[in-house]
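Counting convention: from 1, in listed order, for ligands and their atoms alike.
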Amino acid sequence: MPPSPPPDYSSVISATGFLRPRASRSLSTFQSHLSVSVRTLSLLGAGLSAPSGLQTFRGLGGLWRTYDAKELSTPAAFERNPALVWTFYLERRRAARAAHPNKAHKALAEMAQRVGVEGFLAISMNIDGLSERAGHPPEALKLLHGNLFDIKCTKCEHILQGDAADEVIQSLEKPSAESSGSPALRREDIPKCSSCQSGLLRPAVVWFNEPLPFETLSSIYSWIQASPTIDTMLVIGTSAEVYPATAYIEVARQKGARIAVVNVEKEDVGLLALEEQDWYFEGHAAVLVPEMLSETVA
Ligand code: BV8
Ligand code: ZN
């Protein structure tokens with residue numbers, strides 16, 4: 001009586017990720033692959049700036065003081081309590097200004113300078129300005145969620161940047177003369193738009209349930225479409241929960257990219273469905289990223 005064939009677990013394995021082949025941990029095979037990569041895409045999350053001392057979004061415990069950070073980053077929250085939302089963003093502006101780009105920001109910037117935008121594009125979900133301050137060439141850095149330092153009107157297209165934005169911030173940070181000296185902002189302290197005279201001025205970041213900037217999305221799309229393949233997808237310091245940013249990982253995989261993840265947390269095998277040809281590097285971005293990119297021979 002021939003032995004019965006082993007049960008076919010393939011459907012269970014693929015459905016549950018159980019026994020999914022683990023991604024590689026080999027730095028040398030990653031560096032060899034990167035050294036022959038023609039096109040590299042990267043998705044940068046809050047974990048990239050954590051070594052610079054900035055709280056990650058989740059690290060805010062998803063909480064800022066006693067508020068859920070996700071609840072504060074919405075148009076509805078600003079509508080309901082613009083003073084509270086501005087206080088949230090003023091604190092994050094101050095923290096970002098006081099922080100410095102770390103070695104990972106610099107290694108990514110150096111790679112972008114060396115390889116050029118045809119060969120390397122960074123898509124950042126971060127709004128802290130640290131990649132820009134690390135010297136990352138602007139044409140090779142796409143800020144999906146805007147940046148903390150620009151201000152815009154809730155009603156018209158008016159945008160304030162640089163000194164003009166800083167002037168508005170100064171007025172917000174100076175406790176209003178009438179208030180009882182307490183630095184707490186009040187609704188009446190929130191500046192109005194000088195252009196349309198009706199909208200309130202808000203941080204020019206993309207809040208939840210808001211569309212991402214069209215020109216940013218289309219320039220990323222053009223980069224992706226510029227060639228039939230992408231060789232490497234670097235996924236640095238992100239919990240890969242926010243969309244559409246996270247969708248770029250799958251887009252890169254569909255174009256043949258091998259994925260390299262850098263995260264302090266242990267691999268969550270099911271999260272990104274990494275395969276054997278991918279890499280998972282557990283550790284701090286400021287330590288791992290410079291090592292990973294050091295051997296890149298442009
Ligand atoms: C839109 C600006 C449509 C503001 C941000 C249900 C399922 C799926 C999606 C949705 C859904 N319901 C709604 C959606 C869509 C929604 C979404 O994705 N929600 C999530 C929460 C489920 N997305 C949107 O709303 C987007 N807009 O879809 O619009 C539309 C179209 C037309 C018309 C109208 C609407 C807008 C999303 C943008 C939101 N704005 N930022 C602000 O920052 O205040 S996103 C915000 O969260 C941050 O910017 C950041 O990008 C993001 C958090 O993600 P991470 O960067 O990953 O940070 P996190 O803290 O989560 O993780 C850090 C990671 O780093 C961790 O893994 C940690 O382990 C690791 N780490 C920590 N330290 C280190 C480290 N790694 C390495 N080294 C270290 N040292
Ligand atoms: Zn206006």
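Residue contact check: T238 has heavy atoms under 4.0 Å from atoms 55 (P), 57 (O), 64 (C), 65 (O), 67 (O) of ligand 1. For ligand 1, the atoms closer than 4.0 angstrom to any heavy atom of N209 are 24 (C), 25 (O), 34 (C), 35 (C). Remark: ligand 1 atoms within the under-4.0 Å shell around heavy atoms of S73 are 44 (O). The distance from ligand 1 to the heavy atoms of G283 drops below 4.0 Å at these ligand atoms: 77 (C), 78 (N). For ligand 1, the atoms sitting less than 4.0 Å from at least one non-hydrogen atom of P51 are 80 (N), numbered in the order shown with element in parentheses. Residue-ligand proximity, Y89 to ligand 1, at heavy-atom distances under 4.0 Å covers atoms 4 (C), 42 (C), 44 (O). Contact atoms of ligand 1 toward G237: 63 (C), 64 (C), 65 (O), 76 (N) (distance under 4.0 Å to a heavy atom of the residue). The ligand atoms of ligand 1 that sit less than 4.0 angstrom from a heavy atom of V206 are 2 (C), 4 (C), 5 (C), 38 (C), 39 (C), 40 (N), 41 (N).
Looking at N102 and S52, their side chains do bring a donor and an acceptor atom within 3.5 Å of each other. S26 and S24 are not linked by any side-chain donor-acceptor pair at a separation below 3.5 angstrom, with hydrogens and angles left out of the test. Remark: the S124 side chain and the S131 side chain contain no N/O donor-acceptor pair separated by less than 3.5 Å.
A salt bridge links E267 and R25; the closest N-O separation between the charged side-chain nitrogens and carboxylate oxygens is under 4.0 Å. We find that D166 and R93 are joined by a salt bridge, their nearest charged nitrogen and carboxylate oxygen being less than 4.0 Å apart. In this structure, E173 pairs ionically with R94, as a charged nitrogen and a carboxylate oxygen lie closer than 4.0 Å. A salt bridge links K266 with E282: at least one charged nitrogen is closer than 4.0 Å to a carboxylate oxygen.
Hydrophobic cluster membership for L54: L130 (Ile, Leu, Val, Met, Phe, Trp, Tyr linked by side-chain heavy atoms under 4.5 Å, directly or transitively).
Summarising the contacts of atom 33 (C) of ligand 1 with P211, S49, G146, the nearest heavy atom is found in P211. Heavy-atom proximity to atom 75 (C) of ligand 1, evaluated over A286, G47, G45, is greatest for G47. With distances taken over non-hydrogen atoms, the option nearest atom 17 (C) of ligand 1 out of Y243, F88, F281 is Y243. Nearest-heavy-atom check against atom 49 (O) of ligand 1 across M125, R92, E210, E282 picks out M125. Within the set V242, V264, V287, the minimum heavy-atom distance to atom 54 (O) of ligand 1 is found for V242.
Ring geometry for F30 against W279 counts as perpendicular: the plane angle is over 60°, on a 0 to 90° scale with 30° as the lower cut.
Here H158 fails the criterion, with no N, O or S atom under 2.8 Å of the Zn ion (ligand 2).
Between W207 and ligand 1, no pair of N/O atoms sits closer than 3.5 Å. In terms of N/O distances under 3.5 Å, ligand 1 is not approached by V205. Taking only nitrogen or oxygen atoms, main chain and side chain alike, K70 does not reach within less than 3.5 Å of ligand 1.
With a 4.5 Å cut-off on side-chain heavy atoms, P75 and F208 do not count as touching.
Both the backbone and the side chain of A46 come within 4.0 Å of ligand 1, counting heavy atoms alone. Only the side chain of I127 comes within contact range of ligand 1, with a heavy atom under 4.0 Å; no backbone atom does. Only the side chain of A50 comes within 4.0 Å of ligand 1, judged by heavy-atom distances.
A cation-pi arrangement is found for R39 relative to W223, the charged atom lying closer than 6.0 Å to the ring centre and inside a 45° cone about the ring normal. Cation-pi contact between R202 and W207: present, with separation from the ring centre below 6.0 Å and deviation from the ring axis of at most 45°.
Atom CZ of R253 is separated from atom CD1 of I259 by 3.5 Å, given to the nearest 0.5 angstrom.
Heavy-atom distances between P203 and ligand 1 stay at or above 4.0 Å for every pair. In this structure, L212 counts as a contact residue of ligand 1, since one of its heavy atoms falls inside 4.0 Å of the ligand.
The 12-atom threshold is exceeded at NZ of K255, counting heavy atoms of other residues, nucleotides or ligands nearer than 6.0 Å.
Here C153 contributes SG and C156 contributes SG, and at the Zn ion (ligand 2) these two atoms make an angle of 110°, given to 10°. Here the angle centred on the Zn ion (ligand 2), running from SG of C196 over to SG of C193, is 110°, rounded to 10°.
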